[in-house]
Amino acid sequence: MAENFDGELGLELLRRMLRVRKFELQIQTLAATGELPGPAHLYTGQEGVAAGVCAALRDDDYVSSTHRGHGHVVAKGSDLAACMAELLARETGVCRGKGGSMHMADMSLGIIGANGIVAAGIPIAVGAALSAQMRGSDQVAVAFFGEGATNEGAFHESMNLASSWTLPVIFVCENNGYGQMTRMEKVTATTEMFQRAEAYKMPSRRVDGNDCFAVNVAAVDAIARARRGEGPSFIEAMTYRWREHAEGLEVLFAGLRDQSEIDEWISRDPVARHEAVLRENGVAGTEIDELNSAIAAEIDAAVEFARNSPVPPREQAFTDLWADADSAPAEVGVA
């Protein structure tokens, strides 16, 4: 890699991965101590995918996410303090404390929403891509989803429409091997999800999702193709989530995954692996250490900000739910 190594890109990819990793580890702690309201589906272990893709996007490009969406929101550059406040259900959150862990959005960065329904974010991304095409914009949309979503009708309908109408959308399948706690080979005839794109006549490729550089190369190619008006692409990133489906389910799901399997994937840690590549290619260890320290301080400040922020007032429970106040149903009110 040394001959064509881009140290500046490498540090940027590391910065995005570290923001996600340290954010998720903090959420894990807050969930364990009971400070985090609601469920938390952590992205830990999959950071290479979000960072690799989001580093190739512009701020005005669209992203739709999943119930495991913190990684995508943080990797695209959303403010850490506002994200932390959102997870702690505070008024200063990116969705004013009303979206929480599973429904984060940041329209200032084209993040059109995470979604708790499997595959539901995919047609939303396709709709955003259609809007860009109709407006004559060169914006693109990315739909992140797990491999379990490829068995849903919304996935196939979206793929078909995107290909038929040559829409600027990139389908990113984060294949971590499990739909909740069910191994995919038990419920799916093929475990090579990228082959499904062939039925819709769109370019597809499988990459090592724990190699952030490889993900970024695939994303850059797909995004450039979409901007040229050549239509959708499909990327299957092979990765693994270190934690259970959601925090607090360790006892319920204990033993369903072999510890040796978990340990094997942890040994392929995308963050540690990327740091090693940077060092091997001449990036100073001091730069990496300073980046780690700076982001750790940013996380600490985000937690402090969130804890000191107010909860949304009760009388605002039904605000921000419609496009404008006049469109709200007359019967809606606060009892």
Side-chain angles (χ1 to χ4, degrees), residues 1-2 5-7 9-28 41-56 66 68-72 74-75 144-148 150 172-185 191-194 204-220 235-247 250 253-281 283 285 288-289 291-292 295:
M1 182 179 289
F5 182 76
D6 186 338
L9 172 62
L11 281 170
E12 176 58 23
L13 293 174
L14 178 60
R15 185 185 71 85
R16 291 176 189 256
M17 280 197 288
L18 286 173
R19 288 180 95 234
V20 177
R21 172 62 61 83
K22 294 181 186 299
F23 185 89
E24 296 297 271
L25 290 176
Q26 184 62 64
I27 295 304
Q28 180 180 333
H41 301 76
L42 298 188
Y43 194 75
T44 315
Q46 300 182 199
E47 295 88 350
V49 185
V53 173
C54 290
T66 72
R68 202 176 304 285
H70 318 150
H72 310 131
V74 171
F144 286 103
F145 52 92
E147 75 285 351
T150 66
V172 180
C173 175
E174 300 184 87
N175 190 339
N176 62 28
Y178 289 86
Q180 192 168 0
M181 289 309 301
T182 301
R183 292 197 64 88
M184 284 307 294
E185 57 263 31
T191 57
E192 296 181 313
M193 304 306 171
F194 73 96
S204 64
R205 63 200 296 181
R206 173 182 274 189
V207 298
D208 181 352
N210 285 14
D211 181 343
C212 197
F213 277 117
V215 174
N216 183 252
V217 168
V220 167
I235 299 170
E236 181 183 14
M238 306 303 293
T239 186
Y240 196 81
R241 57 174 166 81
W242 291 6
R243 304 291 295 173
E244 297 299 350
H245 174 68
E247 293 305 287
E250 293 81 4
F253 291 149
L256 293 182
R257 294 192 297 174
D258 291 336
Q259 188 60 45
S260 60
E261 176 184 277
I262 299 172
D263 293 341
E264 169 61 24
W265 277 97
I266 290 177
S267 73
R268 305 181 202 176
D269 179 356
V271 178
R273 177 178 176 178
H274 191 80
E275 285 190 4
V277 170
L278 294 187
R279 294 175 192 274
E280 290 167 6
N281 285 275
V283 175
I288 296 173
D289 293 341
L291 191 58
N292 268 283
I295 293 172

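In this structure, the side chain to side chain contact (heavy atoms under 4.5 Å, CB included) partners of Ala56, at least two apart in sequence or on a different chain, are Asn216, Ala219, Val220, Ile223. Judged as a side chain to side chain donor-acceptor pair (under 3.5 Å), and not counting sequence neighbours, the contacts of Asn292 are Lys22, Glu275. Shown here are the ring pair (Phe, Tyr, Trp, His ring centres under 6.0 Å) partners of Phe194, two or more places apart in sequence or in another chain: there are none. Take Val215 and apply the side chain to side chain contact (heavy atoms under 4.5 Å, CB included) test, not counting sequence neighbours, and it matches Val53, Val207. Remark: Glu192 pairs with no residue by the salt bridge (charged side-chain N to carboxylate O under 4.0 Å, His left out) rule, at least two apart or across chains. Scored by the ring pair (Phe, Tyr, Trp, His ring centres under 6.0 Å) test, Phe145 finds Phe155 as partners (sequence neighbours excluded). By the side chain to side chain donor-acceptor pair (under 3.5 Å) test, Arg21 pairs with Glu47, Asp269, sequence neighbours left out. His274 meets the ring pair (Phe, Tyr, Trp, His ring centres under 6.0 Å) test with Phe213; sequence neighbours excluded. Checked against side chain to side chain contact (heavy atoms under 4.5 Å, CB included), Arg15 has the following partners two or more places apart in sequence or in another chain: Glu12, Arg19, Leu291, Ile295. Evaluation of the side chain to side chain donor-acceptor pair (under 3.5 Å) rule for Thr66 yields no partner, not counting sequence neighbours. Glu236 meets the side chain to side chain donor-acceptor pair (under 3.5 Å) test with Asn175, Arg206; sequence neighbours excluded.
Thr239 and Asn176 share no side-chain donor-acceptor pair at under 3.5 Å.
Aromatic ring orientation, His70 versus Phe23: perpendicular (interplanar angle above 60°, classes split at 30° and 60°).
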